[in-house]
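Note that these values count all heavy atoms, side chains included, but never hydrogens, waters or copies made by symmetry. Please read these numbers as outputs of a predicted model, since none were measured by experiment. Letters A, B, ... mirror the listed sequences (proteins, then strands); counts begin at 1.
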Amino acid sequence: MSGPDKFISIEGISKRFPAPGGGTTIVFEDLWLSMARGEFVCIIGHSGCGKTTVLNILAGLDQPSTGAVIVDNQGIEGPSLDRAVIFQGHALLPWLSVMGNVSYAVASKYRTLSKHAIRAHAQKFIDLVGLNGSERKRPAELSGGMKQRVGIARALSIEPKIMLMDEPFSALDALTRGTLQDEVRRVCLETGQTVFMITHDVDEAIYLAERVVLMTNGPNAVLAEIVENPLPKERQRKDVHRHPLYYGVRNHIIDFLVSRSRNFAAGTNSKDFDRRHVPMVRPGAPEPMEIPSPPRASLRQSRA
Amino acid sequence: MAITLRAALLSLLLFGLFVGVWHLATAGSGPAINMDPEYAKLVGAAASQGKSAMPGPSEVAGKIWEHLRDPFYDRGSNDKGLGIQLAFSIARVMIGYLLAVLVAIPIGFLIGMSPLMSRALDPFIQVLKPISPLAWMPLALYTIKDSSLSSIFVIFICSLWPMLINTAFGVAAVRREWLDVARTLEVGVFRRAFTIILPAAAPTILTGMRISIGIAWLVIVAAEMLVGGTGIGYFVWNEWNNLSITNVITAILVIGVIGMVLDQLLARATRLVTFPE
């Protein structure tokens with residue numbers, strides 16, 4: 001899956017902060033990951049392992065203590081309109097209408113457009129997420145699912161290179177979540193978006209992602225494995241769970257979350273574990289088997 | 001709806017009760033004591049007929065009607081209509097208050113956005129805030145050398161603090177996620193201040209403005225009593241010197257009504273900028 005095209009390259013980032021009783025707390029250290037253009041990657045791990053910090057670093061909202069992130073051959077130096085964030089709590093501006101929220105983003109990206117053109121552009125994305133008819137409503141008048149749709153429309157409307165989603169559906173009921181997953185999948189496939197998404201939901205990860213990154217518990221969390229999703233790119237919600245490998249993948253991830261995420265460090269010889277080449281696994285019946293990751297050119301020189 | 005009606009009826013009942021007790025308490029106690037008519041004329045009805053010096057409700061109502069019929073007469077410096085006096089007071093409050101808005105909101109923004117400025121300015125605010133605005137009056141009179149401008153200055157200084165503190169608090173309390181939205185959209189400093197921070201902090205800022213207008217209206221009466229000349233505060237003090245309790249009571253009622261109107265105007269403005277979440 002991860003070909004030579006390293007659209008996003010996380011290169012040895014770490015995050016530490018001074019601990020209350022002296023010393024330093026290491027959230028994670030020497031973390032490497034790369035993603036190809038148009039890829040959908042989910043990251044799964046327990047709360048507090050630092051997933052959100054990784055996402056915030058990708059967004060440019062947070063800085064790594066060491067290391068760098070390179071997107072499209074450019075180092076990240078701060079937030080950018082190239083990278084749209086869908087926040088967990090939707091983060092809509094409550095004093096603006098649906099149209100106001102989306103056009104605010106459009107006007108921020110396309111600063112020279114006329115008012116009329118901004119509205120027309122925003123309308124296109126409001127229609128895309130199925131909210132036409134609700135343009136004039138304030139966020140307070142919308143249901144949780146509709147609010148998150150506005151968040152998605154806002155993120156898509158700036159036509160970013162990457163979408164970063166921090167548990168976008170975790171606050172929604174199961175039915176709404178399913179519908180929105182379908183729509184996000186459709187929209188991302190149509191627009192060829194590169195997506196990095198945090199989730200707690202194993203089924204969601206398998207349905208949406210091409211690769212699922214498993215992160216161990218913090219502090220000092222590591223990326224333990226990258227699970228390659230054996231499901232075909234064209235998949236349907238209604239029969240995804242009938243795929244012969246579906247439960248193999250699901251069990252593998254759940255086993256990781258239940259036990260291996262906790263004692264991963266004890267289970268592996270940490271000297272042998274290469275953080276730069278996180279093992280790729282392609283689980284399926286009968287037993288998960290490891291496939292060697294492709295060799296990569298060293299990027300250490302390019303680090304600042 | 002029923003409770004509104006019942007509350008209104010109860011209010012009316014309480015008002016009637018109050019007026020009734022007032023009337024009975026101030027009504028004359030009975031026949032005149034037998035005394036020399038010349039002397040009775042000299043000491044007035046209060047002493048000769050046992051009538052209270054406190055005017056009754058009918059006298060006050062008559063006075064209010066009189067003022068309402070002709071609020072803008074001007075018969076010299078000590079005899080101006082109630083409307084003119086109120087206009088002077090309201091004008092002073094408005095000028096001092098608007099100057100305070102122009103100073104408090106930008107500085108409040110600065111304090112709210114910069115932790116450094118917040119800490120640097122905090123000791124000054126903590127010391128200046130609890131000073132009674134009237135304590136500034138001698139200093140103002142000495143430096144400004146104009147009684148009217150001095151009372152405007154006093155209004156300015158008393159309106160400043162609630163607005164300043166509320167603005168700083170509102171700006172500092174803007175939700176992080178809204179600021180993150182602005183950051184990911186690469187919104188510039190000024191656009192962020194006007195399109196994110198201002199609308200987000202507006203309800204808190206307007207609450208501060210509402211507290212300020214209330215305090216300003218309280219202080220103007222005292223300030224005008226001190227500096228004299230014109231204004232509703234001066235009117236009250238002048239009528240006290242004339243021993244016209246009827247006029248004093250009338251002025252008290254009018255001060256209350258205007259204070260309520262000012263407060264309601266700001267309350268309405270607050271409702272306009274408040275957003276549901």
- Task: Check whether more than 12 heavy atoms from other residues, nucleotides or ligands sit under 6.0 Å from atom CD of A:Glu77, and answer yes or no.
- Result: no
- Quick one: of A:Pro139, A:Pro79, A:Ala84, who has the most non-hydrogen atom pairs under 4.5 Å with chain B? A:Pro79
- Note on the structure: Interface check, chain B: of A:Gly89, A:Ser108, A:Ala107, A:Pro160, most non-hydrogen pairs under 4.5 Å belong to A:Ser108
- Do B:Glu277 and A:Arg138 touch side chain to side chain, with heavy atoms closer than 4.5 Å? no
- dist B:Glu177:CD -> A:His90:NE2 (nearest 0.5 Å) comes out at 7.0 Å
- Task: Go through the steps to decide whether A:Leu92 and B:Trp178 satisfy the test side chain to side chain contact (heavy atoms under 4.5 Å, CB included), and finish with yes or no.
- Result: CA-CA 7 Å; A:Leu92 299 179; B:Trp178 297 336; over 6 Å; no
- Item | Top contributor to chain B interface from A:Gly78, A:Pro94, A:Ala140, A:Gly60 [non-hydrogen pairs under 4.5 Å] | A:Pro94
- Straight-line distance of A:Leu164 CG to B:Thr184 OG1, nearest 0.5 Å: 9.5 Å
- Item | Heavy-atom pair with the smallest gap, counting every atom of B:Val187 and A:Arg111 | N-NH2, 4.5 Å
- Top of A:Leu81, A:Asp82, A:Ile158, A:Val85 for chain B proximity - count of heavy-atom pairs under 4.5 angstrom: A:Leu81
- Task: Please report the C-alpha distance between A:Leu93 and B:Phe275 in whole Å, then the side-chain angles of each, then the deciding distance to 0.1 Å, and finally whether the side chain to side chain contact (heavy atoms under 4.5 Å, CB included) criterion is met.
- Result: CA-CA 10 Å; A:Leu93 305 175; B:Phe275 45 85; over 6 Å; no
- Message: Does B:Arg191 have more than 12 heavy atoms from other residues, nucleotides or ligands lying within 6.0 Å of its CZ?
- Response: yes
- Message: Does any backbone or side-chain atom of B:Ala202 lie under 4.5 Å from a heavy atom of chain A? Answer side chain, backbone, both or neither.
- Response: neither
- Can you tell me how far the OG1 atom of B:Thr195 sits from the OH atom of A:Tyr104, to the nearest 0.5 Å? 2.5 Å
- B:Thr274 versus chain A, heavy atoms under 4.5 Å apart: side chain, backbone, both or neither? neither
- Could you tell me whether the side chain of A:Trp95 and the main chain of B:Val273 form a donor-acceptor pair under 3.5 Å? no
- Query: When you look at CD of A:Gln74, are more than 12 heavy atoms from neighbouring residues, nucleotides or ligands closer to it than 6.0 Å?
  - Reply: no
- So does B:Phe169 have more than 12 non-hydrogen atoms from other groups sitting under 6.0 Å from CZ? no
- What option among A:Ser80, A:Ala105, A:Ala59 has the most heavy-atom pairs under 4.5 Å with chain B? A:Ser80
